[in-house]
Participant: 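Have a look at this one.
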Amino acid sequence: MRVVFLGTPDFGVPSLKALVEAGYEVVGVFTQPDKPKGRGNKMLPSPVKVCAQGYGIPVYQPVKIRLDGVEALRALSPDVCVTAAFGQILSQEILDIPRVGTVNVHSSLLPKYRGSAPINWAVMEGEQVTGVTTMMTDKGLDTGDILLKKEVAILPGETAEELTVRLAPIGAELLIETLRRMEAGTCPRTPQDEREASYFPMLKKEMGDIDWRMDAKSIVCRVRGLTPWPGSSFQWGDGEMIKVWKAEEAENPGKAPGEIICADGKQGLVIAAGKNAVRVLEMQAPGGKRMQAKDYLRGHPVSYTECKVTEEESHGS
RNA sequence: CGCGGGGUAGAGCAGUUCGGUAGCUCGUCGGGCUCAUAACCCGGAGGUCGAGGGUUCAAGUCCCUCCCCCGCAA
């Protein structure tokens, strides 16, 4: 089978590797163009590109595949296309190119958590189980027929970042099984149940602003789900922004949301929330590195008595 | 050359403006107090101040070069 792989971040790498190692003829890899990234604005290739080059597979980086990538893809005459966190929307014209169709590896139990950040949202919503799904891509956003699904438990305290690392190889395995069964003609294919469907939007930086009026459990879930990007942060009164990397629920002796219950090297940092309170375990100040809250507090005495409480601006969108 | 912060004891920091004996909190080790303790008291160990060069009677501090780390923005 001639396979064309489309993917961009780390999540896709195990799938690409699995394809190659399972003996599929990966004739081309599409990935997002290199972008200036990181300190110094160096141009950085996507993880999938690096992996593809390691195998000597031709790499294509159209800005918008549905506009400037169609001919390149057609020229590869793939039997099947495989996508895994590619990051670009495929047009019907693109979907019509591979003979068998386009298989997508999606990191949730579809039809739940459609959208571009399923892992983050599942964690943010406090789910205890999620998984990966392979599906036939169609014109809609994660709406195609489901092929195979595998459930995976979300561990207590696990962050989206950690879960992504665990899910990626599981997705790769499921992908190979899916292709094998498709070739054997034994792969199930079932339409998604729209009544069960849920869609969650792309992450935005503003989602990282901690709203101390929410209950502590939700805040902790968001901290986990928004790791590593955009991260969760709050502001000391009118002072520095602090990024929270790790937190847990704690008791609130009756303080108002945003009030600092304690902040010293011995007791650690505890801030009142809408319900209960949040104990910050790992934090990071601007310009500083990530560290244990107690370590931070030893060298940075805190004089504020409360944190800025997110005001007015209506959330959502 | 995108903007900016930083590297000082095992950890987190102060000290650098204006050169003059290396400080703080915690940890650690020893001792004490206590029914007891993550509490408290006393004492100790632990540092090529990121690297190299320069200026100087004298450099953590001033000058030059380099290495490494981090935040923002994308």
Side-chain angles (χ1 to χ4, degrees), chain A residues 7-13 30-50 59 61-65 67-68 85-89 115-117 120 159-162 164-165 201-211 222-253 260-271 277-305 307-308 310 313 317:
Chain A
T8 299
D10 288 311
F11 179 79
V13 172
F30 283 67
T31 191
Q32 297 272 30
D34 295 1
K35 285 176 185 166
K37 263 187 180 172
R39 219 168 296 137
N41 265 348
K42 299 184 193 85
M43 293 294 275
L44 286 184
S46 74
V48 162
K49 176 177 179 178
V50 173
V59 173
Q61 299 179 278
V63 174
K64 269 201 162 71
I65 188 170
L67 299 179
D68 58 343
F86 176 44
Q88 290 190 27
I89 293 178
S116 59
N120 303 85
T159 65
E161 185 176 26
E162 293 160 346
T164 300
V165 170
M202 221 162 45
L203 300 181
K204 286 187 192 147
K205 187 168 173 48
E206 309 81 71
M207 291 174 181
D209 295 336
I210 293 176
D211 182 350
R222 287 180 74 93
V223 167
R224 290 163 53 210
L226 293 173
T227 302
W229 191 90
S232 300
S233 48
F234 68 88
Q235 188 177 5
W236 297 126
D238 55 354
E240 283 184 317
M241 294 294 299
I242 299 294
K243 189 176 261 185
V244 178
W245 285 102
K246 206 168 182 187
E248 64 183 17
E249 227 180 326
E251 287 185 8
N252 182 350
I260 297 170
I261 295 170
C262 62
D264 60 72
K266 289 195 173 117
Q267 303 175 75
L269 176 60
V270 180
I271 299 167
V278 174
R279 175 181 296 281
V280 176
L281 298 171
E282 268 182 45
M283 58 197 285
Q284 181 169 29
K289 56 181 159 188
R290 172 177 178 170
M291 64 182 84
Q292 300 290 313
K294 287 183 181 181
D295 288 340
Y296 175 85
L297 294 167
R298 255 189 269 292
H300 302 81
V302 171
S303 54
Y304 295 100
T305 58
C307 299
K308 187 172 183 180
T310 315
E313 55 182 297
S317 75

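To find a chain, count down the sequence lines: A is the first, B the second, and so on, and within it residues start at 1.
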Participant: Over all strands shown, is K205(A) touching base, sugar-phosphate only, or nothing at heavy-atom distances under 4.0 angstrom?
Facilitator: sugar-phosphate
Participant: Judged by each residue's nearest nucleotide on RNA chain B, which is more toward the 5′ side, P36(A) or H300(A)?
Facilitator: H300(A)
Participant: Counting any heavy atom closer than 4.0 Å, what does R39(A) reach on the DNA or RNA strands: base, sugar-phosphate only, or nothing?
Facilitator: base
Participant: Any side-chain N or O of K266(A) less than 4.0 Å from the OP1 or OP2 oxygen of A39(B)?
Facilitator: no
Participant: Indicate, with a heavy-atom threshold strictly under 4.0 Å, whether Q284(A) touches base, sugar-phosphate, or nothing.
Facilitator: sugar-phosphate
Participant: Give the ring-plane orientation class for F234(A) versus W236(A), where under 30° counts as parallel, over 60° as perpendicular and anything between as tilted.
Facilitator: perpendicular
Participant: With both distances kept under 3.5 Å, what pairs with C40(B), Watson-Crick or G-U wobble?
Facilitator: G32(B)
Participant: Give the nucleotide from the list G12(B), A39(B), A73(B) with an atom nearest to the side chain of R298(A).
Facilitator: G12(B)
Participant: Suppose we define a pair by two distances each less than 3.5 Å, Watson-Crick or G-U wobble; what does A11(B) pair with here?
Facilitator: U25(B)
Participant: Under 4.0 Å, heavy atoms only, any strand: does K37(A) hit a base, just the sugar-phosphate, or nothing?
Facilitator: base
Participant: Sort out the partner of G2(B) for me: Watson-Crick or G-U wobble, both distances under 3.5 Å, none otherwise.
Facilitator: C72(B)
Participant: Touch check for G265(A), heavy atoms < 4.0 angstrom, all strands: base, sugar-phosphate only, or nothing?
Facilitator: nothing
